[in-house]
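Heads up: the structure comes next, in structure tokens.
For the numbers below, each heavy atom of this structure counts, side chains included, while hydrogens, waters and symmetry mates do not. Chain naming here is simple, since letters A, B, ... match the order of the sequence lines and numbering starts at 1 in each.
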Amino acid sequence: MNIFRLFGDLSHLAAIAILLLKIWKTRSCAGVSGKTQLLFAVCFITRYIDLFLHFVSLYNTEKVMKLIYISASVFTCYLIFFKFKATYDGNHDSMRAEFLIVPAAGLACLINTKFDAIEILWTFSIYLEAVAILPQLFLISKTGEAETITSHYLFAQGSYRALYILNWIYRYHYESHVDTIAIVAGVVQTILYCDFFYLYITKVVKGQKIVLPA
Amino acid sequence: SSVAQNKDEL
């Protein structure tokens, strides 16, 4: 474990917590893409499938973190699609998730470390995570604005994988550890946040709200 | 069967 991965995971936890708090406190999921949250839930389940296969006692924080990620993301989907369904902005959350899932699954079968079920599920989860935020960014571009709390969620979510890139640089340099698939997908994922990061740093940090030219 | 290489990252 290094500082970058630690802060990456903390940033990821913060993102999940911020979103849950926003929906729970405002009792509304306006401005939140349910599709992105579904894709994240799929990512966690396919990536941590080993938790279900050979369940081992919760003997370390890693297992606990995996269970937190899976349960929090499923609970978030429950809030969006069931509890606060009336506030779900389905009209603007219109990016076709199939256009993300099918290519990720196809690519996972073509480019992977080992052609076995668990490895392909893990690779699928990595590729899917890289593009899972797109419906959320698409929704913001359609509505033309993002609530400040949603901007904080996106900033934490984007920072998590950006910090992982620093973690991979660190591990390459000190542990000569390289996972090309995770690195390439992580770089693509972080690049997708670039224009949002620019807006966040130039606006939200100064107390303004993000409003896109509609 | 070969167990998937253990992934030590989340």
4.5 Å side-chain heavy-atom contact, A:V42 and A:L38: no
A:H177 versus chain B, the contacting section by heavy-atom distance below 4.5 Å: side chain
Contact summary for A:K66 and A:D50, nearest pair of heavy atoms: NZ-OD2, 3.7 Å
As a quick check of understanding, evaluate ring pair (Phe, Tyr, Trp, His ring centres under 6.0 Å) for A:F197 and A:F155, giving each step before the final call. CA-CA 7 Å; A:F197 279 146; A:F155 182 73; 5.6 Å; yes
Contact winner vs chain B - A:R47, A:R171, A:H12, heavy-atom pairs under 4.5 Å: A:R171
Just give me the residue among A:M1, A:R5, A:E62 that pairs up with chain B most often, heavy atom to heavy atom, under 4.5 Å. A:R5
Between A:N2 and A:E175, a side-chain donor and acceptor under 3.5 Å: no
Under 4.5 Å to a heavy atom of chain B? For A:F44 that would be neither
